Amino acid sequence: MIGRLINFFFWILLGALAGVALPAGGQSLQNSLIGMLLAVSGLHICNVWQGSRMLKWLRQTELNSNTHFSGVWGDTGDRIMRLIKLKDNQRQISEESLRQFLAAIQASPHGVVILDKDSRIQWSNQTAFRHLGLDPQIDVQQLIGNMLRSPAFSQYVHSKSFDQEVIIEGRLHRIDRPHKLGIQLFPYGDGRMLLLSRDVTLIEQAETMRRDFVANVSHEIRTPLTVLSGFIETLQTLALNEEEREKYLLLMEHQSNRMKSLVDDLLTLSRLEGSPFPGQRDWIAVKELFKACEEEARGLSERLHPAAKKAQVLTFDLPMVFEDDEIAGSRSELTSAFSNLISNAIRYTPAGGQITVKWNRTSEAVVFSVEDTGPGIAIEHFPRLSERFYRIDRSRSRDTGGTGLGLAIVKHVIQRHGGTLNIESKLNHGSKFSLQFPALRCRSPEIESSDQTEVI
Ligand code: ADP
């Protein structure tokens, strides 16, 4: 400030001195005043010129930092430049934060849509496009009600109660491939709303499965229970002779066995779901498994066809070369899977039919198979056979003591042992169910000796 005053007075003084120095014959005071006036005017014109330069400079869209101003205008220009740079930096930081924030919302597994107070779309992310088909560019300013034409959503919007989400069908929904979304609105600010969508297809499927499962179990248990209570009432109210009593008690035993089998299978399934996968440490002799299965199978076949003239032909084919094979896994699970397949073959194959149980091994896999000459299965049932309680012939399944859970157990067991369940069947031409295990799950002296030969 003092510098600028000194500068100002320096120019005035210079003007006055220049006036005095002029050869004006005794009018030095007047000349010095004229000199001072000229100096002030010069300074003023200089200021006006600098000011108009600065205005012109400021009117540019991009300020050129190479433009220089002198005196107080120079300081003002520098200060303006500094302020602009500061604001520029702040804007860049805010833009970067906004970009990061939007990128985070883009990465969200939830669809996000920002609605203005008229429920028009202001912004939406990519997930909202996948879920609802909203294009982040084209659909801006569209009314959300026009874009989501679901009656459930319209009802939800009109209810104005947004505490919970509403379930609607997603844009990829098809009868054979459901796509369900949970949509929830969150009001904020002055009437604006945030819409969140999440994919609930799997949750809904699990919920439907749970409901069906509970309904199926209740139904399966209620039927024998109703029959049992009917028999109990009969025994209590009617005077029966010994033979009749015996007959009723046998029927009651049959029903209670049915309930027991169902509960046993349910427990097996829940154990399979809740326990860790069987490791490769426990080795079970295949011969033992075959022996146990054969004893059980012959008993079941005789029980189911006691009066048959021509009994079922059961063949257990464990080739000599594989007799010492051992399989790694859980003994109880493998026994359960093998005997479920054998018992199905016995239960569904009529008397006189043939059932062949086989063990085979190649360098890639080990295969346990059960082949029968029973009624066979139409191909359209294949995908659903291992679903819980899925039966083709309900009455045959129940009459022979089936629970509808056998193949579900088999599928679980084989998956837990790293293998696959394969079904080959033709209606009226019998069926073949095979369990294919990875070769690593099998060991035998023969494999070990060939390994040794290779090592040597
Ligand atoms: P279930 O206790 O009813 O036998 P499963 O889960 O073991 O239940 O089998 C499901 C359905 O698959 C059976 O109800 C039956 O219709 C069919 N099935 C299974 N094994 C055979 C087979 N060997 N021959 C014909 N149908 C079979």
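Both backbone and side-chain heavy atoms feed into the values below; hydrogens, waters and symmetry mates do not. Counting starts at 1 for both ligands and their atoms, in listed order. Small disclaimer: the values here were computed from a predicted structure and weren't measured.
- Distances from atom 19 (C) of ligand 1 to the heavy atoms of Ile342, Asn344, Ile392 put Asn344 nearest.
- Note on Arg391 versus Glu220: salt bridge recorded, some NZ/NE/NH1/NH2 to OD/OE distance being below 4.0 Å.
- Salt bridge annotation for Lys247-Glu243: absent, with no cationic side-chain nitrogen under 4.0 angstrom from a carboxylate oxygen.
- In terms of protein heavy-atom proximity, atom 23 (N) of ligand 1 is nearest to Asp372 OD2, 2.9 Å.
- For the pair Arg298 and Phe316, the cation-pi criterion (under 6.0 Å, within 45° of the ring axis) is not fulfilled.
- Here is the list of ligand 1 atoms found below 4.0 Å of a heavy atom in Gly402: 2 (O).
- Under a 4.0 Å N-O distance rule, the pair Arg79/Asp75 does not qualify as a salt bridge.
- In terms of protein heavy-atom proximity, atom 3 (O) of ligand 1 is closest to Ser397 OG, 2.5 Å.
- Residue contacts with ligand 1, taken as heavy atom pairs separated by less than 4.0 Å, involve Ile377 solely via side-chain atoms from C-beta onward.
- The closest protein non-hydrogen atom to atom 12 (O) of ligand 1 is Leu385 CD2, 3.3 Å.
- For Phe368 and Phe338, the gap between ring centers is short of 6.0 Å.
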- Message: Please evaluate residues Arg416 and Ser275 with respect to the criterion side chain to side chain donor-acceptor pair (under 3.5 Å), reporting the C-alpha separation (whole Å), side-chain torsions for both, the decisive distance (0.1 Å), and the verdict.
- Response: CA-CA 10 Å; Arg416 286 163 59 81; Ser275 58; 3.0 Å; yes

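- Checked against the 6.0 Å centroid criterion, the rings of Trp57 and Phe69 qualify as a close aromatic pair.
- Looking at ligand 1, you'll find an N or O of Gly404 within less than 3.5 Å of one of its N or O atoms.
- Between Ser197 and the options His110, Gln184, His131, a side chain to side chain donor-acceptor pair (under 3.5 Å) holds for only His131.
- For atom 13 (C) of ligand 1, the closest non-hydrogen atom of the protein is Tyr348 OH, 3.2 Å.
- Salt-bridge annotation for Arg388 and Glu273: present, with a side-chain N of the basic residue lying under 4.0 Å from a carboxylate O of the acidic one.
- Contacts of Arg347 with ligand 1, taken as heavy-atom pairs under 4.0 Å, involve the side chain alone.
- Counting atoms of ligand 1 from 1 in the listed order, those under 4.0 Å from a heavy atom of Asp393 are 16 (O).
- With a heavy-atom cut-off of 4.0 Å, Thr349 does not touch ligand 1 at all.
- Protein heavy atom closest to atom 5 (P) of ligand 1, with residue, atom name and distance, is Leu407 N, 3.6 Å.
- When each atom of ligand 1 is checked for a heavy atom of Thr403 under 4.0 Å away, the hits are 2 (O).
- Residue-level proximity to ligand 1 for Tyr390 is carried by the backbone, the only part with a heavy atom below 4.0 angstrom.
- Not a single heavy atom of Phe389 sits under 4.0 Å from any atom of ligand 1.
- Heavy-atom minimum distance, His68 versus Arg53: O-NH2, 2.6 Å.
- Between Ser431 and ligand 1 there is a heavy-atom distance shorter than 4.0 Å.
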